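I have placed the structure first, in the form of structure tokens, so that the comments after it can refer back to it.
Every value quoted in this text rests on a predicted model; they were computed, and no experiment measured them.
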Amino acid sequence: RKGPREGRPPPRPRRTTVMIAALPLPPSGALRPLVLRLLRGHTGGGGDGRGGCLAAWQAPRTFSASSSSSSQGVAAAAAAAPSFADGPAASFAAARRRAPASGGGGAGAAAGRGGRAKLKAKEAERLSEEVEDIVASRSACPELVERRDVFVREFRRRLEPELPGSRLVPFGSAAAGLWMADSDLDLSVELPSAAGRIEGKRTLKHVGAIIHRLTGDRPEPRLRARIPILRWEPERPDVPCCDVSVNNSLAVANSQLVASYVAADPRVRPLVVTLKAWARARGINDRSQGTLSSFAITLMALSLLQRQHLLPSLQELAHVRGELAKDVFDCDCRFCDDQIAIAEAIGSLRESRGGSQGDNIGALLHAFFKYYGADYRGGVISIRGDEDILRGGAGLAAGDGGGVDDVGQPRWGGAGPSAGASANSSRFFFVENPFQPGLDVANVEVGQMARIRDELRKAHRHLGQGRPLADLVNARHDRPFASAAAEADMTGEGVGLGSGRSPETTSFAQGGG
């Protein structure tokens, strides 16, 4: 500026407040000294420090611990709007008191992305009704479930004599209580003599030959997968598609664990079913394409319920009760399936919340999208519980009745650190296998992470604006199982494993094959 006019005093320097938000700066660089000066209030001019500024800045993950700990979230600081009358230090302390406890993902951050931290009561009720309608429209009717069970019994009756010592066990959504009208059927042939990958492949080839001889169908062998399977798509419209594996005992145990969670709280099933319908509609429910698997989505939902102290960790509860270990392929697969004990643990969690029943389905669905779309900053997603207790270390003794932790919460509150938490604390969407610590069941490709996060944020913003849930879950049905079964009813075809070409010779009911 030019000098002051003659005869007039120079203008007083104006005080300026600068907000620095989400600066993508590396730990070193030309601008870093300036940022640090701004954070400390050294802007020059006044000389008394009162001409400084409040720079509430959410540090990126690449910052060092010392620099990232100096701020608690720009959105909360901006919403707080602290006064600068007492200097930058007091203002910065006031902003820290108002900032969210999580890593920059609070109500202000969510609001800044177009969503809301929590739905109003009427909106949550309306969303709960929409969830119930969606679940009802996609659930298998009792007749379809009966057809499925008859099919499994017939297949077991014909397969087990062909493989002496074998046992056909359903797992997956059919065993967990999450089976839908368009779901596939997962089957494991438990055969102790088929130990090892090579013997398992031979057994699968044998099973494929048996299916072809009995039905005329030719299952597709997928033997190079991590878990070799037979993909069987029967030509009969009233028979579901099947994925047959050998000695998939850990998957069976996982299905039984999820089934216990589904039985423990009536909100689990509609929440998981709706999330799976949403993920399928948005094209992010295909593990072969590097997106989320249905099992990963289920574990993410259960982990959220544990974080909100609505569900206990059933594995941790089993250790607390002193239950015996259940070894499956050198993995401890014990968990509590006693619904009375689970109800008591849920009652203890309810008391820790002041007797509250917790949110309804609509609020929980909105909370899922908010947490994984805005608040989640990476790390292991686990339902195992307190790892110290699971390892038998400094935790509870058998029969201790649960107790509380240092902050007064029941020790089986779940979502505690796992064995793989330290090694994978910086990874995104690392969903841990409940019985294999450190094993990721999601395996999300790096190129898909931003897309998944974007879909979560879109859903959070969509529901926060009061828009209908149906817009998000208009799923495409590749194989309308319900209509095929209805067609079978009209044609009078029975339930069996025959292909329909020649019922007299191929149907199990007629003893053909």
Side-chain angles (χ1 to χ4, degrees), residues 100-102 105-111 113-136 177-178 258 260-279 297-314 342-376 381-383 385 407-410 412-416 456-470 472-473:
S102 60
R113 283 184 279 268
R116 282 186 289 172
K118 196 170 185 179
L119 295 178
K120 297 180 180 179
K122 291 184 178 180
E123 294 174 335
E125 286 292 337
R126 178 187 56 80
L127 184 55
S128 298
E129 294 175 359
E130 291 187 77
V131 169
E132 293 175 359
D133 293 340
I134 289 173
V135 173
L178 302 171
V258 173
S260 295
Y261 279 111
V262 171
D265 193 319
R267 293 171 291 190
V268 174
R269 183 178 184 273
L271 177 62
V272 172
V273 169
T274 303
L275 289 172
K276 289 169 63 177
W278 161 79
I297 294 173
T298 302
L299 295 180
M300 290 169 67
L302 293 176
S303 177
L304 177 69
L305 296 179
Q306 289 182 350
R307 292 182 65 88
Q308 297 193 0
H309 297 284
L310 299 176
L311 281 178
S313 168
L314 300 187
I342 296 174
E344 293 176 353
I346 293 177
S348 299
L349 293 172
R350 185 182 301 117
E351 292 177 0
S352 70
R353 301 192 308 271
S356 172
Q357 295 287 341
D359 293 330
N360 56 22
I361 302 293
L364 290 176
L365 180 65
H366 182 262
F368 179 92
F369 292 131
K370 175 185 179 296
Y371 176 72
Y372 289 109
D375 296 345
Y376 175 66
I381 301 170
S382 176
I383 65 171
V407 295
Q409 296 288 357
W412 49 68
L456 289 163
R457 289 174 174 171
K458 285 181 180 178
H460 175 226
R461 183 168 56 250
H462 182 94
L463 298 180
Q465 294 172 351
R467 299 166 68 183
L469 176 62
L472 296 175
V473 295

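In plain terms, the two heavy atoms of Leu119 and Leu463 that are nearest each other are CD2-O, 3.8 Å. Between Ser128 and Gly362 the shortest heavy-atom distance is OG-N, 2.8 Å. Considering every non-hydrogen atom in both Ala264 and Ile346, the closest pair reads O-CD1, 3.7 Å. In this structure, Ile297 and Ala279 approach most closely via the heavy-atom pair CD1-CB, 3.5 Å. The shortest non-hydrogen separation linking Leu304 to Leu364 is CD2-O, 4.0 Å. Shown here for Leu310 and Arg267, the closest heavy-atom pair between the two residues is CD2-NH2, 4.1 Å.
Counting heavy atoms from C-beta on, the side chains of Leu311 and Ile342 never come closer than 4.5 Å. You'll find the side chain of Leu469 reaches within 4.5 Å of the side chain of Leu365, heavy atoms only.
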**OP:** Quick one: do Tyr372 and Ile381 satisfy side chain to side chain contact (heavy atoms under 4.5 Å, CB included)? Show the steps, please.
**Re:** CA-CA 10 Å; Tyr372 289 109; Ile381 301 170; 3.6 Å; yes

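Residues forming a side chain to side chain donor-acceptor pair (under 3.5 Å) with Tyr371 (at least two apart in sequence, or on another chain): Arg307. Applying the side chain to side chain donor-acceptor pair (under 3.5 Å) criterion to Tyr261, with sequence neighbours excluded, gives Gln306. Looking at residues two or more places apart in sequence or on another chain, you find a side chain to side chain donor-acceptor pair (under 3.5 Å) between Glu130 and Arg126. By the side chain to side chain contact (heavy atoms under 4.5 Å, CB included) test, Ala459 pairs with Trp278, Phe369, Leu472, sequence neighbours left out. In terms of the side chain to side chain donor-acceptor pair (under 3.5 Å) criterion, residue partners of Glu125 (sequence neighbours excluded) are, by chain and number, Asn360.
Taken to the nearest 0.5 Å, the CG atom of Asp359 stands 11.0 Å off from the CG atom of Leu271. If you take CG on Leu302 and CG on Asp265, they are separated by 10.0 Å, rounding to the nearest 0.5 Å. Atom CZ of Phe368 sits about 4.5 Å away from atom CG of Leu275, to the nearest 0.5 Å. Between the CD atom in Glu344 and the CZ atom in Arg350 there is a gap of 12.0 Å [rounded to 0.5 Å]. Taking CZ of Arg467 as the reference point, atom CG of Leu127 lies at 13.5 Å (rounded to 0.5 Å).
Partner of Val272 under the side chain to side chain contact (heavy atoms under 4.5 Å, CB included) criterion, out of Thr298, Val262, Val135: Thr298 alone.
Panel note: side chain Arg269, backbone Gly177; a donor-acceptor pair is recorded below 3.5 Å. Judged purely by atom type and a 3.5 angstrom limit, His460 has no side-chain atom pairing as donor or acceptor with the backbone of Ala367. Counting only distance, with no hydrogens or angles, the side chain of Arg457 and the backbone of Gly373 share a donor-acceptor pair below 3.5 Å. Looking at Gln308, its side chain never comes within 3.5 Å of a backbone N or O of Leu305 through a donor-acceptor pair. Remark: side-chain polar atoms of Ser303 are not paired, donor with acceptor, to backbone N or O of Met300 under 3.5 angstrom.
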